[in-house]
Each structure stands twice: as structure tokens, then as C-alpha cells.
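Scroll down for the structure; my scribbles are underneath it.
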Amino acid sequence: MSNIRVRFAPSPTGALHIGGVRTALYNYLFAKKYGGTFVLRIEDTDQGRYVPGAEEYILEALNWCGIMPTEGQGIGGPHAPYRQSERKAIYLQHSLDLVANGSAYYAFDTPEELEAARAAAAAAGNHNFKYDAVSRKAMKTSLNLTAAEVQRRLDAGEHYVIRLKVPENETVTFTDLIRGEVSFHTSELDDKVLMKSDGMPTYHLANIVDDHLMEITHVIRGEEWLPSTGHHVLLYRAFGWEATMPRFSHLPLILRPDGKGKLSKRDGAKFGMPVFPLSWKADTPEDSFEGFREFGFLPQAVVNFLAFLGWNPGTEQEIFSLDELCEAFSLEKISKSGARFDYDKAKWFNQQYLHATDDAVLAAQIKPLAEAKGYHVSDEYLTQICHLMKGRGTFLPDLVEQSSYLFGDVQSYDNENIAKRWKPESRPVFEALADHLKAQTNFEAATLEASVKEFMAERGLKPGDVMPILRLTLAGTTQGPGVFEMMELFGNDRTVDRLTKAFSHFDALVK
RNA sequence: GCCCCGUUCGUCUAGGGGUCCAGGACGUCGCCCUUUCACGGCGGUAACACGGGUUCAAAUCCCGUACGGGGUACCA
């Protein structure tokens with residue numbers, strides 16, 4: 001396949017949901033795999049829901065994930081503008097074309113009249129009123145009104161919408177690349193509004209017109225669009241564009257961790273996890289969210305995790321770089337059923353990436369976090385901390401938050417464990433050990449280990465008698481990196497200093 | 001309600017008629033490694049929604065039922 005063109009078309013109504021990121025990712029992977037083009041289009045046709053800053057957020061989020069579009073809003077390209085609100089004239093012209101060829105019509109019904117029609121239908125026992133081939137006969141449309149009357153209303157500036165005239169008694173069938181053949185009977189389809197009375201197109205019209213004009217070859221979008229695809233196919237036909245209609249692929253939804261419905265923005269707070277790539281600050285706390293980035297996730301881990309939510313390469317490999325994903329990706333391997341958002345798995349992916357990331361790279365990333373906590377150390381020292389801690393953490397901030405004693409002095413001692421191990425007779429032994437260490441000229445971990453073992457052997461001490469206490473003097477806690485590695489990090493003076501400082505504290509605990 | 005889509009271990013999934021008393025990963029449990037916490041290694045637990053067909057043979061194909069999800073706006 002060549003000249004593949006796909007698009008990601010979010011509406012700027014707030015922060016970009018993680019499900020949207022996955023849709024973007026799949027589009028990116030598909031385009032990249034076939035050397036195609038990935039277009040970003042902003043679907044801002046609902047003026048009432050427009051949120052300032054959302055467009056910038058979308059770009060920043062895609063950029064953070066490393067899946068930037070190659071054409072579109074904020075990037076440029078031959079089909080500009082890529083913001084639908086700037087393409088109003090195009091949609092109007094196209095909807096007029098459909099009116100002219102009999103595929104669409106004017107409807108002058110006011111919202112109140114529609115509501116009344118709905119209520120009347122309900123009163124008659126029909127609770128699913130829809131504007132269709134049957135009900136439109138009783139409505140104020142250019143199909144029923146005389147041409148003169150329609151013109152009169154238009155000239156008078158009456159509000160109107162343009163609706164699709166859904167043909168009667170037909171079956172619309174299309175092939176979804178993920179689900180196979182899907183069909184709808186036109187009697188089930190309502191006469192969708194194409195142009196709203198405010199002069200803006202609806203999604204249905206705009207997406208068909210733009211996909212055609214922008215030469216989109218494959219539409220990869222969420223499953224929530226599947227039910228309206230029948231209308232979309234009808235639209236392509238009405239325009240006479242069916243021959244170049246894009247292939248459709250409807251992605252399974254990302255479900256809540258408990259499986260009850262699709263993952264929504266509020267679920268982040270509910271389940272204590274991020275559901276947005278980046279943090280989003282809104283006027284109210286309820287509308288503000290913490291992102292994967294701020295949680296301390298690495299973008300590669302998020303991408304890898306997301307890729308596997310609904311897709312699988314069919315092999316047993318699970319860790320994939322973006323390039324490897326591009327290589328392995330295929331629409332056929334996308335599953336049909338919804339996937340629950342498995343936060344444990346997300347954490348596992350992050351841990352894997354954290355462990356595999358170069359020490360110096362991690363150091364650069366956590367530097368701001370360390371400085372925010374008042375830790376100021378050299379880059380080399382920070383790199384060493386990353387080396388010692390990265391195997392023990394899940395998130396970036398863990399490297400800082402769990403290692404205060406590596407940055408500075410021990411802040412608090414685990415007194416309970418100290419009391420358990422420190423005996424009145426311990427002090428002379430450990431003072432001797434301190435002296436022994438002080439005499440060391442080579443302070444590398446391996447050398448220290450051999451030396452301390454020798455020290456223990458000479459005195460008939462077991463590792464269990466010495467090591468835990470040594471750890472407590474150095475870190476104040478029973479957890480953390482290897483004792484000798486910490487010593488190497490601290491160096492001779494600081495190591496011995498920590499030992500001697502700890503002794504009096506330890507003595508005080510056991511009197 | 002109606003329409004559309006779906007249904008393999010708790011979760012993500014492999015599987016596209018025989019090689020499946022169903023494989024991997026996360027989680028969980030146990031053991032090992034070990035000076036701690038982790039990492040890691042090894043092992044255990046655990047699934048083809050149900051009922052009919054088709055076939056010599058079905059997790060795999062068909063139909064139905066149940067359940068789940070989505071849609072049903074002058075939102076996207």
C-alpha cells in the first residue's frame with residue numbers, strides 16, 4: 001500500500017483523554033508502518049463546548065508521547081486550514097450541493113416544534129421518535145413546502161438546518177477492517193442534521209467532507225462511531241465519492257477498571273490513577289486532572305502500555321519501542337472487544353522502562369524533582385543515585401522520594417529495628433570496623449565487601465551481626481541499595497562519619 | 001425500548017477445525033537467590049458464557065439465549 005493517509009480528529013473540549021491518545025497512536029503506527037501521512041484535524045464545530053487551551057494540550061500530549069502528526073493543525077500542510085471552524089464555507093457549499101441533488105433538504109422546525117413532535121409521539125406510545133422518512137412528512141421541510149415558501153423563509157432569514165435525506169428501504173453495508181461486514185437498514189437511520197442553524201456543520205457532514213478533501217484513505221476511530229457509520233456511507237454516496245471512500249476501522253473502547261462502561265475522565269480520581277497524558281488545570285478541582293507525565297510515567301512506557309490495550313503482535317514479546325511497534329503493528333491484530341484499563345500493567349511497563357533507562361538520562365529527568373526538594377548534588381552524583389535506585393522504583397519520583405539519605409544526612413532512623421539489633425557490646429566492634437574502613441584506600445564496592453568480610457571472619461562475626469547495623473548507620477532504614485554500593489557512593493570520609501554519628505544515637509536507644 | 005458491536009484464566013491476551021486435558025504477560029500464592037528492600041529465577045492457582053446445530057473432529061464455522069459495551073442530540 002502506498003499514499004496512506006490517516007487522521008486524528010479530536011475536538012478541543014478539554015484535555016485529551018487517554019483513549020484519544022491510543023486512537024492517535026494507532027493512527028500514527030499505521031501511517032508510519034506504510035510510510036504514510038498522519039494528519040491532525042481539529043473538530044471544533046461545537047462552539048458551545050470549545051475550551052481554550054485544549055488545542056495546545058493536544059499537540060503537547062502527542063509530542064510528549066512521540067507521536068506527532070506530520071501534517072495538520074499546528075504543523076501545516078497542503079489541505080489547510082485544519083481547524084473546522086475555519087472551513088465553514090466549504091461545508092455550506094457541500095451541503096447545498098446535496099440539497100441540489102436531492103440528497104438533503106432544508107428543515108425549518110424550531111427546537112420547540114421538535115420537542116412537541118417528540119412529546120406527541122410519546123403520547124401516542126412511540127418513545128423513540130426519530131426524524132425520518134415517515135415523520136418528516138409532517139415537518140416543515142423543503143420536501144413538503146413549496147419552492148416559493150422555502151425561498152420566502154430563506155429570504156426572511158428564518159433559522160433552518162439541512163438534513164440528510166436518508167433513502168427508504170435500503171441496506172447499507174460496509175466492511176470494517178477490524179470487525180468485518182457491518183450493515184444497517186435505512187429504516188433505522190434518522191435524517192441526521194448536516195448543517196446546524198448556527199451555520200456550523202455537524203460532525204457527520206464535516207468529517208466526510210474533510211476526509212474526502214484531505215484524501216484520507218483509512219479512518220481509524222473509536223467504536224462509539226460505529227453506529228453512525230451507516231450515515232457516513234450514505235453521505236459518501238450522496239456526494240458521489242463512494243469509489244474513494246476511506247476504509248473504516250473501529251477500535252474497541254477502553255473500559256473502566258471495574259468493567260462498568262467506558263473509561264471517562266472522572267474515573268481517574270475514582271480509581272486513583274491518571275487517565276490523561278498530561279495534567280490539566282481547570283477552574284474547578286473536579287475538572288482538573290493529574291497526568292501520566294506528572295505521575296512519573298515515562299512516555300515510552302505509556303505508549304507501550306496503550307499499544308497493548310486492544311492490540312497484540314501475536315508473539316510473546318511485550319516490550320516494544322515506538323519503532324518496533326510501527327514495524328509490528330497491523331489493524332488485523334486489533335481485538336474486537338473492549339479492554340479494561342489495567343493500571344497494574346501500566347505500572348509494570350513503567351517499571352520495566354525505568355530499569356532499562358540509562359542512568360544519566362534518568363538523572364536529567366529527576367533533577368528538577370530533586371531540586372524542588374532542596375537537594376543539590378552534581379550530575380555525576382545524581383547519576384549514581386539513579387544507578388542504585390532505579391531497580392527499586394516504579395515511577396520517576398520514587399528515585400528522589402525514597403532516597404533522601406543518599407542526597408543528604410540520614411533524616412530519621414528506624415529505631416525499632418535498631419533497638420532489636422544494637423547491643424551494649426556492639427559499639428567497640430563497630431568502632432573497630434569504622435577504623436578498619438577509615439584505613440581503606442580503595443573505596444570501591446567490591447573491594448570494600450572483601451575487606452569487610454575479612455574483618456568479620458577475623459572476629460568470628462556473621463554477616464547478620466554486622467550488615468543490618470551497617471545499613472542502619474548509613475541509611476537509617478533497613479531498605480535500599482547494597483551496603484557496599486552506598487559506601488562507594490559516599491566515599492571514605494562520609495561513610496566513616498555516618499558510622500560514628502550513628503553510634504551515640506544507637507546507644508541512647510538501648511541505654 | 002430499538003439498532004449496532006462484542007463474549008478464552010481476576011485483568012490484557014495467543015489461538016483463525018485436529019499439534020489445546022488451551023500458551024504468554026500482569027496480579028496473586030509458594031520456593032530459590034540475598035546483608036535489607038527490590039530486581040531476577042523457578043513453580044503453583046486460574047479461562048474457551050450457555051444451549052442447539054454443521055463435521056470423523058469445534059475455543060475455532062452457523063443459529064439462538066444470556067450477559068456486557070456502544071449508539072439512539074441542531075455533542076463529538
Side-chain angles (χ1 to χ4, degrees), chain A residues 9-13 43-46 48-49 107 109-111 114 118 126-131 159-163 176 178-180 182-185 187-190 192-204 206-207 221-230 250 252-253 255 257 259-262 305 308-319 332-333 335-349 351-352 355 389-394 402 414 417 449 452-453 456 462-472 475 477-484:
Chain A
S11 66
T13 55
E43 311 228 330
D44 58 344
T45 56
D46 186 348
R49 292 211 302 159
D109 318 288
T110 63
L114 274 177
R118 222 174 286 278
N126 174 14
H127 289 274
N128 54 331
F129 170 86
K130 70 184 193 303
Y131 207 113
H159 280 238
Y160 66 88
V161 298
I162 294 178
R163 285 181 182 269
D176 185 287
I178 294 171
R179 293 155 204 285
V182 178
S183 46
F184 300 90
H185 193 87
S187 65
E188 297 149 6
L189 272 27
D190 65 336
K192 282 261 180 288
V193 170
L194 265 21
M195 288 297 289
K196 299 185 268 190
S197 57
D198 66 357
M200 279 289 193
T202 58
Y203 169 86
H204 306 293
N207 113 82
R221 77 225 302 195
E223 189 184 359
E224 68 267 30
W225 294 111
L226 194 48
S228 50
T229 306
H250 289 94
L253 265 13
L255 274 19
K260 298 223 155 297
K262 65 174 172 179
F305 165 65
F308 270 71
L309 227 44
W311 171 85
N312 183 293
T315 66
E316 287 180 0
Q317 182 183 348
E318 296 216 73
I319 302 296
E332 295 72 37
K333 289 267 178 208
S335 49
K336 300 178 178 71
S337 48
R340 293 192 199 193
F341 188 84
D342 184 357
Y343 191 51
D344 280 333
K345 198 71 176 264
K347 287 195 284 194
W348 178 79
F349 271 112
Q351 188 187 53
Q352 296 300 307
H355 296 183
M389 294 300 291
K390 74 178 182 183
R392 273 158 249 276
T394 300
Q402 297 171 6
D414 179 349
N417 264 304
E449 181 169 3
V452 171
K453 279 188 172 155
M456 292 190 292
K462 287 194 287 265
D465 303 328
V466 178
M467 301 307 295
I469 293 174
L470 213 40
R471 166 177 300 285
L472 255 358
T477 162
T478 58
Q479 304 179 180
V483 164
F484 301 109

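FYI, side chains are in, hydrogens and waters are out, and symmetry mates aren't considered; it's all heavy atoms of this structure. Letters go in sequence order (proteins before strands), and every chain restarts at 1. Since this is a predicted model, take the numbers as computed values, not measurements.
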Of the nucleotides B:U35, B:C3, B:U13, which has the atom closest to the A:Ala339 side chain?
B:U13

Please classify the nucleic acid contact of A:Pro111 as base, sugar-phosphate, or nothing, using heavy-atom distances under 4.0 Å.
base

Protein-nucleotide distance (A:Lys347, atom NZ; B:G27, atom P), rounded to Å
9 Å

Check every strand shown and say whether A:Val182 touches a base, only sugar-phosphate, or nothing at a heavy-atom separation below 4.0 Å.
sugar-phosphate

Donor-acceptor contact present, side-chain A:Ser197 to main-chain A:Val161, <3.5 Å:
no

What does A:Lys462 touch in the nucleic acid at a heavy-atom separation under 4.0 angstrom: a base, only the sugar-phosphate, or nothing?
nothing

For B:G15, does OP1 or OP2 lie under 4.0 Å from any side-chain N or O of A:Lys333?
yes

Within less than 4.0 Å of OP1 or OP2 of B:C75, is there a side-chain N or O belonging to A:Lys196?
yes

Which of B:C39, B:U36, B:C12 is nearest the side chain of A:Gln351? It is B:C39

Classify the nucleic acid contact of A:Gly464 as base, sugar-phosphate or nothing, counting any heavy atom under 4.0 Å across all strands shown.
nothing

Nearest to the side chain of A:Arg471, which nucleotide is it out of B:C74, B:U35, B:C26?
B:U35

Considering only heavy atoms from C-beta outward, does the side chain of A:Arg179 approach that of A:Glu223 to under 4.5 Å?
yes

Under a 3.5 Å cut-off for both contacts, is B:G43 paired Watson-Crick or G-U wobble with anything, and if yes, with which nucleotide?
B:C29

Per atom distances to the A:Asp342 side chain, the nearest of B:C26, B:U13, B:C4 is B:C26

Checking B:C75, B:C12, B:U35 against the side chain of A:Arg49 (C-beta onward), the nearest is B:C75

Over all strands shown, is A:Phe308 touching base, sugar-phosphate only, or nothing at heavy-atom distances under 4.0 angstrom?
sugar-phosphate

Suppose we define a pair by two distances each less than 3.5 Å, Watson-Crick or G-U wobble; what does B:U72 pair with here?
B:G1

Round to a whole Å and report the spacing from NZ of A:Lys345 to C1' of B:C9.
13 Å

What integer distance in Å separates A:His127:NE2 from B:A73:C1'?
19 Å

Contact class for A:Ser183 vs. all strands (heavy atom < 4.0 Å): base, sugar-phosphate, or nothing?
sugar-phosphate

Please work out if A:Thr478 contacts a base, only the sugar-phosphate, or nothing of the nucleic acid, heavy-atom cut-off 4.0 Å.
base

A:Asp344: salt bridge (charged side-chain N to carboxylate O under 4.0 Å, His left out) partners, not counting sequence neighbours:
A:Lys347

Looking only at side-chain N and O atoms, does A:Thr45 come under 4.0 Å of OP1 or OP2 in B:A76?
yes

Heavy-atom pair with the smallest gap, counting every atom of A:Met467 and A:Val483
CE-CB, 3.8 Å

State yes or no: are the ring centers of A:Phe305 and A:Trp348 separated by less than 6.0 Å?
no

Between B:G27 (P) and A:Phe349 (CZ): distance, integer Å:
11 Å

Nearest-angstrom distance, P atom, B:C20 to B:U34
38 Å

Answer with base, sugar-phosphate or nothing: what part of the nucleic acid does A:Gly310 contact at a heavy-atom distance below 4.0 Å?
sugar-phosphate

Which nucleotide in B:A76, B:G69, B:A38 has an atom nearest any side-chain atom of A:Arg392
B:A38

With rounding to the closest Å, how many angstrom separate the C1' atoms on B:G52 and B:A46?
29 Å

Check every strand shown and say whether A:Gly48 touches a base, only sugar-phosphate, or nothing at a heavy-atom separation below 4.0 Å.
nothing

From C-beta outward on A:Asn128, which listed nucleotide comes closest to its side chain: B:U35, B:A14, B:G1?
B:G1

Nucleotide nearest A:Arg179 (side chain, heavy atoms from C-beta), chosen from B:U35, B:C74, B:C5
B:C5

What does A:Phe484 touch in the nucleic acid at a heavy-atom separation under 4.0 angstrom: a base, only the sugar-phosphate, or nothing?
base

According to the Watson-Crick and G-U wobble definitions, with both distances under 3.5 Å, which nucleotide is paired to B:C37?
none

Assert: residue with more 5' nearest nucleotide on RNA chain B, out of A:Leu253 and A:Arg163, is A:Leu253

Quick check on B:C39: syn or anti? Syn means the glycosidic torsion is within 90 degrees of zero.
syn

Residue set satisfying side chain to side chain donor-acceptor pair (under 3.5 Å) with A:Asp109, at least two apart, ordered chain then number -> A:Tyr131

Looking at every strand, decide which applies to A:Arg340 at a 4.0 Å heavy-atom threshold: base, sugar-phosphate, or nothing.
sugar-phosphate

Side chain of A:Ser337 only, please: which of B:C5, B:G6, B:U35 is the nearest?
B:G6

Please determine, for the side chain of A:Asp46, which listed nucleotide (B:C4, B:A25, B:A76) has the closest atom?
B:A76

Is there a Watson-Crick or G-U wobble partner for B:U7 with both distances under 3.5 Å, and if so, which one is it?
B:A66

To the nearest angstrom, the NE2-P distance between A:His355 and B:G41 comes to 12 Å

Using a 4.0 Å heavy-atom cut-off across all strands, classify A:Lys262 as base, sugar-phosphate, or nothing.
sugar-phosphate

Heavy-atom side-chain proximity of A:Leu226 to A:Asp176 below 4.5 angstrom
yes

Students often get this wrong, so: under 4.0 angstrom with heavy atoms, is A:Pro10 touching a base, only sugar-phosphate, or nothing?
nothing

Give the rounded distance in Å between these two atoms: CD of A:Glu223 and P of B:C3.
17 Å

On the nucleotide B:U13, are OP1 or OP2 found under 4.0 Å from the side-chain N or O atoms that A:Ser335 carries?
yes

Is any side-chain heavy atom of A:Lys345 closer than 4.5 Å to a side-chain heavy atom of A:Glu318?
yes

How long is the line joining CG of A:Asp465 and C1' of B:U36, in whole Å?
15 Å

Side chains of A:Arg221 and A:Thr229: donor-acceptor distance under 3.5 Å anywhere?
yes

By nearest-nucleotide position on RNA chain B, the 5'-leaning member of A:Ala9 and A:Lys453 is A:Lys453

Could you check whether A:Ser228 gets within reach of a base, just the sugar-phosphate, or nothing at all, counting any heavy atom under 4.0 Å?
nothing

